[in-house]
Student: 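One structure coming up, written as structure tokens, with questions to follow.
The model shown is predicted, which means the values in this text are computed figures rather than measured ones. When reading the values below, keep in mind they use all heavy atoms of this one structure, side chains included, and skip hydrogens, waters and symmetry mates.
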Amino acid sequence: MTAAVLVLLFCAVSVLFVPKLRQGTAGWYLVMIGLFFACVKLAAMSIKSVFRSKVYSSFVAPFMTWDGISYAWRLHFGQAELFLAAFMVFSAFLSLFYAKNYVPSEKLGRFSANVSGLVVSALACLGAKNMFQFVIGWDLSALFAYMLMNTFHDKQSLRRSSVRFFIAHKVTDLPLFYAFFMLWEKTGMFFVPPFVSPYFASFSGVEAGMFAVCIILAAAAKLICFGFHFVMEDGSDMPVPAAAFCFPAVLSGLGMYLLYHCFPFVQDVPNVRTFFVAIGALSAAAGILIALNVTNVKAILSFILMSQFGFVTAAFGLSGEGVALNTFVAMAVPMIGLILSAGNVIYALWGEEDITRMGGLQKEKPFTLKIMWILSFCCVGFPYIGTFGARRDMYSALFQADGRAFTFVFLLLSFGTAFAFARMMFYIFYAFPKTPVEIAVKIRKAPLTGTIPLILLTIVSLFQNELSKRSILPPLTGILSAEVIFSSLLGCFGFLAGMKYFSRREKSQTRRSAVFQRLSLFCAKGFGFSELYRRLFAVPFLFVGNMLWLHADLDLIERRLTDMMPAFVRKSAQALQSIHSGNLGLSFVWSIAGLLSLFVLGGVLAYGG
């Protein structure tokens with residue numbers, strides 16, 4: 001495993017710092033070779049893990065000794081870590097393969113390097129045995145995701161979205177640190193949850209509630225939970241390959257991993273389980289409502305993804321961490337396929353992303369139409385395909401607990417998800433054509449790089465239930481009953497209802513009332529959370545930054561610190577300066593200030609309280 005990580009790290013560093021690799025497609029080929037090697041390596045390791053129950057642990061470097069306990073940098077992969085790592089690397093390979101004809105060649109090298117760096121950071125986090133390595137991998141993944149978004153910094157809305165995304169992830173670091181602090185108080189060790197037995201460190205009462213809130217908040221930005229959905233408001237400007245890779249596979253995978261290993265510490269507390277179900281249902285409902293009121297096809301799928309992650313969060317409370325992991329993978333795979341399919345539609349229409357300016361594409365794009373219908377049914381849990389196995393366990397748990405209220409809520413949410421999919425499909429393929437004539441006469445066909453990933457993802461989605469039985473995932477044990485099948489079909493009925501509703505609405509041409517329009521705008525704006533974020537975080541941070549900028553004698557600091565730089569540091573900074581724009585001395589000053597702030601925060605967390 002160390003070899004795979006080092007190869008990907010070498011690819012990322014080479015492409016970032018070698019101009020010939022960064023420009024053109026040479027860097028893309030190098031990273032693709034590295035990802036292919038990592039895929040083969042992980043596949044071999046997974047097979048050995050299944051048949052030999054093998055756990056992989058590689059020592060990388062020593063770190064420190066605390067109270068007689070040694071902590072080292074290492075990569076430790078059990079079954080859950082192996083599966084998530086394989087899923088992330090495979091998703092990166094497909095997304096980067098897809099990007100070949102969709103990302104401009106002058107940006108493809110840097111895009112590839114950031115994808116590779118994001119994968120390396122995620123693998124370092126998954127393979128961590130101590131909290132320090134976990135936090136470094138956790139934060140570096142957010143940094144590389146931020147850099148991946150800023151590959152396309154020419155779009156102002158995307159720059160704003162990437163800054164919002166990064167600040168949200170920094171804010172959620174605080175509850176992560178506090179959750180780890182609670183574990184350290186229990187055990188006296190800095191090992192991460194997979195290496196701390198819940199038998200010795202389980203929480204109860206108020207402590208359990210506090211720990212549950214902390215881990216939910218820590219994962220909230222990565223799983224797009226309710227309250228943190230503002231990070232996706234301008235995410236529709238993100239390029240399709242990045243949108244299909246960042247949130248559905250890597251960032252959400254890390255959030256899932258944190259909850260997967262932390263949930264056993266509080267799983268015996270009924271109120272905590274109810275809390276997980278409630279947060280999941282709220283996130284799912286919010287995602288569906290926003291998706292029904294936005295018109296950008298990537299934004300629609302982003303908020304449907306949010307609703308799918310809401311089901312994943314609820315699965316923890318209903319059936320436990322094993323079913324939640326199955327649910328996550330079963331929902332992420334078809335969602336990645338849907339985002340890439342939407343990319344083919346956008347490519348065909350020369351960049352058009354608004355579904356209200358599409359329509360009539362069922363004859364022009366029959367392959368994409370079929371793929372999107374199949375993947376939509378997989379997401380909603382049509383019997384025996386896609387997410388049906390995971391939903392079967394969730395419905396079984398609800399029926400056994402006689403939770404009629406939650407059963408009705410989840411039926412309504414499944415119906416709403418299908419309804420949102422139907423709206424998107426109707427306006428893209430079945431509505432009266434609204435595409436300008438100059439585009440309609442030259443609709444492009446998707447290249448091979450945009451077709452092969454969709455075929456692979458559709459096959460995996462269709463046979464998800466059989467694959468999960470034969471994989472290293474925890475087994476699904478839900479009872480298959482007539483009630484479960486009827487509930488799944490009832491949710492899928494939202495497709496038929498949605499197609500009929502939007503077909504009648506287009507024919508009648510009725511205008512919605514002013515009250516309904518205001519409610520629709522309120523939902524589309526994310527229930528006011530974007531404005532709340534702006535007032536609580538953006539405005540204060542900008543004010544402090546401007547005050548420091550206006551009152552600091554930056555020229556004096558720059559001259560003195562530049563003179564004090566060792567030769568190798570100055571040369572390294574100049575090399576970085578050739579890649580990024582700005583002033584060399586000021587970049588160094590603010591980098592040092594950032595490092596000092598991290599050291600201060602680390603000292604407070606280590607010795608405070």
Student: So, the side chain of Q133 versus the backbone of A124: is there a donor-acceptor pair under 3.5 Å, distance only?
Tutor: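 Checked: pair present.
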Student: Check whether T387 reaches the backbone of G381 with its side chain - one donor and one acceptor, N or O, closer than 3.5 Å.
Tutor: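 Yes; judged by distance alone, with no hydrogens or angles, the pair exists.
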Student: Mark yes when over 12 heavy atoms from residues, nucleotides or ligands other than Y430 sit less than 6.0 Å from its OH; otherwise mark no.
Tutor: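 More than 12 within 6.0 Å, yes.
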Student: Does R423 use its side chain to pair, donor to acceptor, with the backbone of G498 at less than 3.5 Å?
Tutor: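 The answer is no, because no donor-acceptor pair under 3.5 Å joins these two groups.
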Student: Is the backbone of A92 close enough, under 3.5 Å, to the side chain of S95 for a donor and an acceptor to pair up by distance?
Tutor: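 Not at all, since once roles are kept as given, no pair shorter than 3.5 Å links the two residues.
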Student: With the side chain counted from C-beta on, respond yes when I279 and F226 share a heavy-atom pair under 4.5 Å apart, and no when they do not.
Tutor: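 In short, these two side chains do not touch, never coming nearer than 4.5 Å.
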Student: Ignoring hydrogens and angles, tell me if any N or O in the side chain of R273 forms a donor-acceptor pair with the backbone of Q267 under 3.5 Å.
Tutor: yes
Student: Within the side chain of S252, is there an N or O that forms a donor-acceptor pair under 3.5 Å with the backbone of L223?
Tutor: no
Student: So among S414, S488, S487, which one has a side chain to side chain donor-acceptor pair (under 3.5 Å) with R391?
Tutor: S414
Student: Indicate whether any N or O donor in one side chain lies under 3.5 Å from an N or O acceptor in the other, for D393 and S319.
Tutor: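 Note: D393 and S319 side chains miss the donor-acceptor criterion.
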Student: What I'd like to find out is whether the side chain of V213 reaches to under 4.5 Å of the side chain of L217, using heavy atoms alone.
Tutor: yes
Student: Quick check: does any side chain N or O of S116 sit under 3.5 Å from a backbone N or O of S112, one acting as donor and the other as acceptor?
Tutor: no
Student: Please tell me if the side chains of F93 and M32 come closer than 4.5 Å, counting only heavy atoms from C-beta onward.
Tutor: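 F93 reaches M32 side chain to side chain.
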Student: Between the side chain of S283 and the main-chain N/O of G280, is any donor-acceptor distance below 3.5 Å?
Tutor: no
Student: Report the C-alpha distance between S57 and L75 in whole Å, list the side-chain angles of each, state the deciding distance to 0.1 Å, and finish with yes or no for side chain to side chain contact (heavy atoms under 4.5 Å, CB included).
Tutor: CA-CA 6 Å; S57 187; L75 294 171; over 6 Å; no
Student: If you look at every heavy atom in V323 and A390, which pair is closest and at what distance?
Tutor: CG1-O, 4.2 Å
Student: For the residue pair F309 and F247, is the inter-centroid distance of their aromatic rings smaller than 6.0 Å?
Tutor: no
Student: Could you tell me how the ring of F415 sits relative to the ring of F419: parallel (under 30°), tilted (30 to 60°) or perpendicular (over 60°)?
Tutor: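 Ring orientation of F415 relative to F419: parallel.
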Student: Would you indicate whether the side-chain heavy atoms of M335 and L301 approach each other to under 4.5 Å?
Tutor: yes
Student: State, to 0.1 Å, how close M394 and A315 come at their nearest heavy-atom pair, and which atoms those are.
Tutor: SD-CB, 4.1 Å
Student: Report yes or no: does Y347 contribute a side-chain atom to a donor-acceptor pair with the main-chain N or O of Y102 at less than 3.5 Å?
Tutor: no
Student: Tell me, do L143 and L140 make a side-chain contact under 4.5 Å, heavy atoms counted?
Tutor: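 Contact flag for L143/L140 side chains = yes.
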Student: Out of F426, Y501, F382, W373, which residue meets the ring-ring contact (aromatic ring centres under 6.0 Å, His included) rule with F495?
Tutor: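 Per the ring-ring contact (aromatic ring centres under 6.0 Å, His included) rule, the option paired with F495 is W373, out of F426, Y501, F382, W373.
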Student: How about K298 and E353: do any of their side-chain heavy atoms sit closer than 4.5 Å?
Tutor: yes
Student: Kindly say whether the aromatic ring centers of Y260 and F328 come within a distance under 6.0 Å.
Tutor: no
Student: Looking just at side-chain N and O atoms, do Y98 and N344 make a donor-acceptor pair shorter than 3.5 Å?
Tutor: yes
Student: Check whether any side-chain heavy atom of I428 sits under 4.5 Å from a side-chain heavy atom of K365, and report yes or no.
Tutor: no
Student: Got more than 12 heavy atoms from elsewhere within 6.0 Å of CZ, F367?
Tutor: yes
Student: Knowing that exactly one of F275, F276, F203 qualifies, which makes a ring-ring contact (aromatic ring centres under 6.0 Å, His included) with F263?
Tutor: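 Among F275, F276, F203, the one that satisfies the ring-ring contact (aromatic ring centres under 6.0 Å, His included) with F263 is F276.
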Student: What's the spacing between K222 NZ and M256 CE if we round to 0.5 Å?
Tutor: 15.0 Å
Student: Just wondering, do Y395 and L318 contact through their side chains at under 4.5 Å, heavy atoms?
Tutor: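 L318 does not reach Y395 side chain to side chain.
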Student: For the rings on F311 and F410, is their centre-to-centre separation under 6.0 Å?
Tutor: yes
